[in-house]
Undergrad: 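Let me give you the structure first, and then I'll get to my questions.
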Amino acid sequence: MSRGELRIYLGAAPGVGKTYAMLEEARRRAERGTDVVVGLVETHDRPHTAAMLGGLEVVPRRRITHRDVGFTEMDLDAVLARRPEVAVVDELAHTNVPGSRNAKRWQDVRELLDAGISVLSTVNIQHLDSLNDVVAQITGTTQRETVPDEVVRAAEQVELVDMTPQALRRRMAHGNVYRPDRIDAALGNYFRVGNLTALRELALLWLADKVDEQLDAYRAQQGIQATWEARERVVVALTGGPEGETLIRRAARIAARSKGADLLAVHVARSDGLVGADPARLARQRILVESLGGTYHQVLGGDVPAALLDFARGVNATQLVLGASRRGRLAHLLSPGVGVTTTARSGPIDVHLVTHPEAGRGRRAGAVPAALSRRRRLVGFAVAVLGLPALTVLLDALPDLTLTNDILIFLAAVVGVALIGGLWPALLVALGGSLLLNWFFTPPFRTLTIAEGDNLLALGVFVGVAVAVSGVVDVAARRTREAARASADAQTLATVAQGVLRGERPLPALLDRLRETFGLRAVGVLELTADAEGRPDRAREATAWRLVAGVGDEPPTSPSAGETAVPVDERLTVVLAGRRLDAADRRVVEAFAAQAAVALRQERLAEEAATARPLAEADRMRTALLAAVSHDLRTPLASAKAAVSSLRSPDVEFDAEDRAELLATADESLDRLGRLVANLLDMSRLQAGALGVAATAVGLEDVVPRALDELGPVAGNVTTDIPADLPAATADPGLLERVLVNVVANALRHSPPGRPPRITASAHAGQVELRVVDTGPGIPEDQWEHVFLPFQRLGDRDNTTGVGLGLALARGLTEAMGGSITPETTPGGGLTMVLRLPAAHPRPEGPPE
């Protein structure tokens, strides 16, 4: 049995028409003779969507009772038993009611697909796991219902249902998305033009990435190696040379000309693992690439042009940016170079050869380190100077040896000296040996004349072989030393990286590890002051620098205060104090300095984020406050206004009963308005830390009745059980009354008819506990903390399920008084709010002091 196919309609926000488009497709398939059933569709009371269900078979929903409240969910077993060709299942990210077979609806869909049933479904971009935090940052609303990205990516078809923000807001204003009482709050909060535009861009980018994956998969399946210019991708090749920054900026400008183009930087490292490019310079270039929105990559390869083109074709690149060769004219005569070779092999990939100030100047590599130590070279020269005469005397004393034997023995001496002292001592032996062979062992003897051509050839071959062997031995020794040095540098870098990863603060950990590794007294990161930037004369002054990070004993405060200064960029310099580093060590330190700049940048970004977080929270609070004013205050204002206007109207005569009813309506509305304004002001004071608390001993038997009286007749059936011997609590009487009003009002709102909440009190372990118990639907334990977030009734949610501002304010006021408020599950179903306050302990009576 083949697996069913999944088709998902993706939208940027509720109301764009996903369900409508899904039902249109279902009707088209049904008209073509496909067996289609509706497993579950949420119309949200939208008449146009409900009309699309006409003519489609709908599987009755399964009714589930949870905590004495009835809910309906898709009847998965019924759909499986019906076995249609296509099932329509709305809202893929929906969380099923406890008691269902699966926790999530996407798991139900997976069972249908495994059974061979194709599924049509819908999802909004804010419900994808990977984008949940991004959407929360944009909209200020955290979506609790999410679906794993891989579920949506695995769909055979994902269709974007798109609509401009202006069109969606018009649709909402016409009442085609939400009920009239929710429109203003939604338009002023979640459905702002900026929010919708950002969500729309997220949806487009996410879908573009999925399309990219599908294109790559198709090219891989079909074995297509040629580049398809579906999207511009610019690859810039970096050698680690000084021209890298010029190439990166040029490639970024090329990419910027095409909207949505990708920028990728690649460095081809030597496959032998030996030291190649400058790691510090590559680290700085990587930072530049990432700051321009690109990505950095490193590949291994012996053939640089082939490695570059393999990478470019692998990422489906359309353009490749190379720097003009730094080699001189002679080198061009010997080899065409990377640029020319890459261009000849590039095929459909456009290659840009960018000139730069370093072009044609040669590589100007630093001094090549000696293959062997100075001591070994001196020993080699000593062996050459002393050994050649000794060897000559020895061979001259052996008259039976031929010239060939003498040449072989001298050649062995050249190899031996090369192994001991390297190239130059071996060349000395080769040159001296050739002269000694000619003078003492080649006829005519004791002259530099060579009488026979065979002897001349033998001496020439000896010199050539001696020089070649000396060179090979020297190169082998040099490579061995380079490999050892590269291994040591890699080990040092790995050790530093491990130390940084284990540290809580990357920059101090990096500097401390650097100090320990090289045995330094102190390490400091210095930054040029703002008034000294761009002024080389000021940069020489000690006062032009400030220490931004340092470790060790008295970190240097200026470049001149240390033995070694390693510039990172125009503003930052790492200064080492304690000893002067070798040139070989400086190369590794430069790489550490570049990483120190990255760590400093990360710390500053974290500090900026920490500074911005309270501002963002204040802005979110301000936005929610305005939304609350526009939404929650509208009803009491409208009611009071209508009542007063009616009483003042000269066109209608009201009798005493009607006048009393209108006055009561105005009075209740204004009371409600007063409570809302007081809550908003108290929450603002809590957020600003300006709420005054006057704690004193308070009897709950006095505060609870006053709170119930403030709630009015609706609280008349609330039962209370407060023991007569209950100790007083330490609290602010006015604030405690406000807490009780909000908590009891919440319990009344969620209590079923005929089962009012009850209030009980007790004392335990130096605390007074007050419990407000309701038997309503309750709240799942994993959502308990969400009920204390302010303005939960606003945003993209059903207003009847939120808890508004009351519980958030109640917790804030309780904690300001030194108490706590926590939810518990009511036995038999419901929610119990437990208010704990410290008990008031009277001072013991005794004689005055």
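Computed from a prediction, not measured in an experiment: that's the story for all the values here.
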Undergrad: May I ask you to say whether R521 pairs ionically with D553, meaning some side-chain N is under 4.0 Å from a carboxylate O?
TA: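 Result for this pair is no, no salt bridge flagged.
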Undergrad: Closest heavy-atom contact between V551 and P508?
TA: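 Answer, listing the atom of V551 first, then P508: CG1-O, 3.9 Å.
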Undergrad: Distance check, rounded to the nearest 0.5 Å: T343 atom OG1 versus L322 atom CG?
TA: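 Here the rounded value is 6.5 Å.
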Undergrad: I would like to know whether L436 and W439 meet side-chain contact (heavy atoms from CB on, under 4.5 Å); could you show each step before the answer?
TA: CA-CA 5 Å; L436 292 173; W439 183 268; 5.6 Å; no
Undergrad: With a 4.5 Å heavy-atom cut-off, do P389 and T392 have their side chains touching?
TA: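 No, every pair of side-chain atoms sits at 4.5 Å or beyond.
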Undergrad: Check L395, N405, V429 against F410 for a side chain to side chain contact (heavy atoms under 4.5 Å, CB included) and give me the one that passes.
TA: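 Testing each of L395, N405, V429 against F410, the sole residue satisfying side chain to side chain contact (heavy atoms under 4.5 Å, CB included) is L395.
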Undergrad: If you take all heavy atoms of P555 and L547, which pair is closest and at what distance?
TA: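 It is CB-CD2, 4.0 Å.
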Undergrad: Rounded to the nearest 0.5 Å, what separation is found between the CD atom of Q319 and the CZ atom of R233?
TA: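 One finds 12.5 Å between CD of Q319 and CZ of R233.
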Undergrad: Please step through side-chain contact (heavy atoms from CB on, under 4.5 Å) for the pair V236 and L238, ending with a clear verdict.
TA: CA-CA 6 Å; V236 54; L238 302 178; 4.2 Å; yes
Undergrad: Taking all non-hydrogen atoms of both residues into account, name the closest pair between L353 and G339 and its distance.
TA: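 For L353 and G339, the tightest heavy-atom pair comes out as CD2-CA, 3.9 Å.
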Undergrad: Is the shortest heavy-atom distance from the side chain of L308 to the side chain of V338 under 4.5 Å?
TA: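 Answer yes - side chains close enough.
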Undergrad: To the nearest 0.5 Å, tell me how far T239 OG1 sits from L247 CG.
TA: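 Here the rounded value is 7.5 Å.
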Undergrad: How about L528 and W545: do any of their side-chain heavy atoms sit closer than 4.5 Å?
TA: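 Counting from C-beta outward, L528 and W545 do come under 4.5 Å.
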Undergrad: Mind listing the closest non-hydrogen atom pair of V289 and Y296 along with its distance?
TA: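 Looks like CG1-N, 4.4 Å.
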Undergrad: Once rounded to the nearest 0.5 Å, what's the spacing between atom CD of E290 and atom CD1 of I248?
TA: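 Those atoms lie 10.0 Å apart.
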Undergrad: Test of understanding: with side chain to side chain contact (heavy atoms under 4.5 Å, CB included), list the residues that count as partners of V235, not counting sequence neighbours.
TA: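 Only L264, V266, F311, V315, A317, L320 meet the side chain to side chain contact (heavy atoms under 4.5 Å, CB included) criterion with V235.
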Undergrad: What verdict does the side-chain contact (heavy atoms from CB on, under 4.5 Å) test give for L526 and V548, after you've listed the backbone C-alpha separation in whole Å, the side-chain angles of each residue and the deciding distance to 0.1 Å?
TA: CA-CA 6 Å; L526 306 182; V548 295; over 6 Å; no
Undergrad: Go through V575 and T573 one step at a time and tell me if the side-chain contact (heavy atoms from CB on, under 4.5 Å) criterion holds.
TA: CA-CA 6 Å; V575 182; T573 296; 4.0 Å; yes
Undergrad: If I compare all heavy atoms of P425 with all of A384, which pair ends up nearest, and what's the gap?
TA: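 That would be O-CB, 4.1 Å.
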Undergrad: Rounded to the nearest 0.5 Å, how far apart are CD1 of I349 and OG1 of T318?
TA: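 The CD1 atom of I349 sits 8.5 Å away from the OG1 atom of T318.
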Undergrad: Quick check: does any side chain N or O of E527 sit under 3.5 Å from a backbone N or O of R546, one acting as donor and the other as acceptor?
TA: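 No; zero donor-acceptor contacts below 3.5 Å.
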Undergrad: Nearest heavy-atom pair of E554 and A522: which atoms, and what distance?
TA: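 Answer, listing the atom of E554 first, then A522: O-CB, 3.9 Å.
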Undergrad: Does any donor atom in the side chain of E245 or Q285 lie under 3.5 Å from an acceptor atom in the other side chain?
TA: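 Note: E245 and Q285 side chains miss the donor-acceptor criterion.
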Undergrad: Dump the intermediate steps for salt bridge (charged side-chain N to carboxylate O under 4.0 Å, His left out) on D303 and R345, then the final yes or no.
TA: CA-CA 13 Å; D303 186 348; R345 302 179 187 175; 3.4 Å; yes
Undergrad: Could you check whether any side-chain heavy atom of L391 comes within less than 4.5 Å of a side-chain heavy atom of I409, counting everything from C-beta outward?
TA: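 Answer yes - side chains close enough.
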Undergrad: With no hydrogens and no angle check, is any side-chain donor or acceptor of H297 less than 3.5 Å from a backbone partner on A265?
TA: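 Here the side-chain-to-backbone pair does not exist.
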Undergrad: To the nearest 0.5 Å, how far apart are CZ in R313 and OG in S346?
TA: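 That separation rounds to 7.5 Å.
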Undergrad: So, using side chain to side chain donor-acceptor pair (under 3.5 Å) as the criterion, who are the partners of T557 when residues are at least two apart?
TA: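 For T557, no residue satisfies side chain to side chain donor-acceptor pair (under 3.5 Å) once neighbours in sequence are set aside.
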